[in-house]
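A short write-up of the structure that comes next.
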Amino acid sequence: MSTAPPPTGAATVASPARADASSVGTSPVVEVRNLRKTYPGPRGSDARKVAVEDVSLTVAPGEIFGILGPNGAGKTTTVECLAGLREADGGVIRVLGVDPQADPAAVRDAVGVQLQEAALHEKITVEEALRLFASFYEAPSDVEELLDLLDLAEHRRVAFGKLSGGQKQRLSIALALVGNPRVAVLDELTTGLDPAARRATWELVERVRDRGVTILLVTHFMEEAERLCDRLVIIDGGRVVAQGTPAELIDSVDTSRTVRLRVPPADHDLALHTLAGLADVEHVEVDGREIEVTGTRRVLLAVVLALAEQEVVPDDVRTVTRTLEDVFVAVTGRTYDHAADSAAPHEGGAR
Amino acid sequence: MTAATTTLTRVPTARSGWRGFGTLLRTETRLFLRDGTAVFFALVFPTVLLVGVGLAIPGMREPITGAGAPWDGLTAIATYVPIVLAAAVATPALTTMPVTFATAREKGLLRRLSTTPMRPQGVVVAHLLINLGAIAVSAALALVVGQVVFGLAAPVSPLTVVLAFVLTVLSMLSLGMVVAAVAAKGSTASAIGNLVYFPMLFLSGMWTPGPIMPDVVRDIGQFSPLGAAAQAMSAGWFETEVPTLQLVVMAAWTAVLLPLAVRLFRWS
């Protein structure tokens with residue numbers, strides 16, 4: 001832990017207003033402005049590696065706020081700074097009105113953190129771990145209630161080393177909540193989980209939010225952010241490249257729409273010829289029996305009408321829904337790196 | 001914000017860093033006791049060593065003759081007791097404790113604790129207490145069982161023995177903390193710990209107790225922390241002279257190693 005003085009520009013520190021419910025509805029729970037964080041470069045070089053270039057975000061009470069971006073984008077560094085684990089080089093951070101850089105102790109009681117890849121002693125049981133962590137806080141949650149909330153009650157006497165990946169992750173969430181926090185930071189919650197465990201975990205996150213806990217969710221899974229987040233920022237190369245609700249972000253990408261369809265083989269060439277000539281169609285691509293048509297917002301209507309006129313009855317028509325992935329591609333000009341998704345479950349904390 | 005309110009918010013903050021320490025100590029003790037191998041080496045190994053050597057090696061229970069003062073008239077196994085006590089300190093300090101800390105760091109547990117009101121220093125203090133307890137139990141067990149089985153000689157100057165034992169504990173825990181500080185992983189801590197542990201045992205006289213220790217080993221050993229430990233306790237047990245050099249050597253090792261460990265210790 002750093003004991004260095006707070007960064008300049010930090011204003012006076014107030015204690016977290018745990019009891020002051022009147023201010024909750026209005027003021028942001030987390031506020032980050034122009035955060036900057038660098039790490040020492042390779043040994044012998046003066047150049048410092050920039051982890052976070054310029055990140056600003058505001059989290060409102062009661063929302064699930066996402067920080068989305070590829071591995072190495074600066075997500076974890078950002079939350080580590082606001083949890084008081086790292087000292088920022090520049091910018092202003094307020095968590096519940098307190099500067100965690102100046103007074104990390106004031107934040108610890110009110111912020112629950114689930115760290116990426118933090119493990120426990122192999123032989124500690126679920127219940128022991130929860131009771132241990134509960135003892136650190138001034139007003140902890142009820143351990144029994146948490147065991148039930150996170151479906152851990154039947155595993156209470158199981159040692160950490162014997163838990164499945166999903167159970168470890170649920171325990172980790174439980175430990176982040178055991179202090180009865182106003183804010184929970186969940187970092188790469190579902191990395192390494194199978195799809196079923198991932199969906200179950202998402203449900204739990206929503207249950208936790210329903211208890212009134214504001215959630216800051218760090219993830220590199222587009223699908224996770226789209227499914228869970230009320231609002232999010234997309235971070236790339238240490239900067240915020242987009243922000244808004246998932247729907248706003250997706251709607252902002254572009255106005256083109258894509259339709260994929262299959263027609264009977266006999267009608268294939270006729271269909272291609274017909275579609276290529278339409279005003280609303282910009283692009284037609286053939287992928288085996290599938291035809292992918294991209295065009296204006298009216299492309300679906302135009303395609304169906306034109307085919308109907310030619311008496312061509314499609315076997316199958318699907319509109320291709322756009323996702324946050326398309327948003328990422330649009331704002332960065334790069335494809336979202338899927339290789340990094342699966343290959344990097346063991347990356348270090350320094351990013 | 002006024003100075004008065006700053007003080008008000010600061011005071012509970014400072015104290016809250018140790019809230020739950022009792023639970024932490026209890027939990028860590030239970031976890032320590034769940035590791036059978038570590039418990040055996042930390043608590044029972046010195047006794048097994050003393051009894052094993054005394055019963056298995058012929059002549060260990062016979063009085064020594066012809067070795068000169070202070071050895072003549074003592075049983076060989078009695079001269080082995082200070083070495084066993086030194087081993088009782090070195091074993092947890094150099095084998096189990098560094099691995100515990102390095103593993104906690106490797107697993108991110110110390111970092112995880114940093115996000116709670118409990119300070120990660122709490123884990124260090126808890127384990128120092130656990131190791132002190134283990135050392136006390138294992139030394140007492142060896143002495144009691146040794147007395148029952150062999151009938152050991154009473155120390156000539158108990159105060160010197162106690163002082164030497166305390167300095168042994170301080171210098172060995174400091175050395176163990178340096179290993180814990182520099183090792184990034186549990187397996188590294190285990191390797192470094194053993195690399196230090198066995199030469200230390202050799203210099204303490206584990207394989208060449210009492211009168212059969214070659215002079216050159218004795219001369220080198222008196223400047224090593226565990227060699228000085230065994231020699232100082234031996235002097236207190238069997239001689240009237242105060243082992244000043246050995247006591248100073250142990251104090252000096254502590255004075256160097258403890259600040260070094262604090263300086264080098266990484267929480268993540």
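So you know, we letter chains A, B, ... as the sequences are listed, proteins then strands, and number each from 1. The figures here come from the full heavy-atom set of this structure, side chains too, leaving out hydrogens, waters and symmetry mates. This structure is a prediction, so every number in the text was calculated from the model and none was measured.
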Between CZ on residue B/Arg112 and CG on residue A/Leu85, distance to nearest 0.5 Å: 9.5 Å
Could you look at A/Val185 and say if it's the side chain, the backbone, both or neither that has a heavy atom under 4.5 Å from chain B? neither
Is it the case that over 12 heavy atoms from other parts of the model lie below 6.0 angstrom from the CZ atom of B/Phe202? no
Within the side chain of A/Arg108, is there an N or O that forms a donor-acceptor pair under 3.5 Å with the backbone of B/Thr115? no
Spacing of A/Arg86 atom CZ and B/Arg111 atom CZ [to the nearest 0.5 Å]: 6.0 Å
With a 4.5 angstrom heavy-atom cut-off, could you sort out which part of B/Leu113 is near chain A: side chain, backbone, both or neither? side chain
Residues 33-46 of chain B vs chain A, non-hydrogen distance cutoff under 4.5 Å, contacting residues -> B/Arg34, B/Asp35
With a 4.5 angstrom heavy-atom cut-off, which part of B/Arg266 approaches chain A: side chain, backbone, both or neither? neither
If you round to the nearest 0.5 Å, how far is CG of A/Leu132 from CZ of B/Arg30? 9.0 Å
Should A/His121 and B/Thr27 count as side-chain neighbours, where that means a heavy-atom distance under 4.5 Å? no
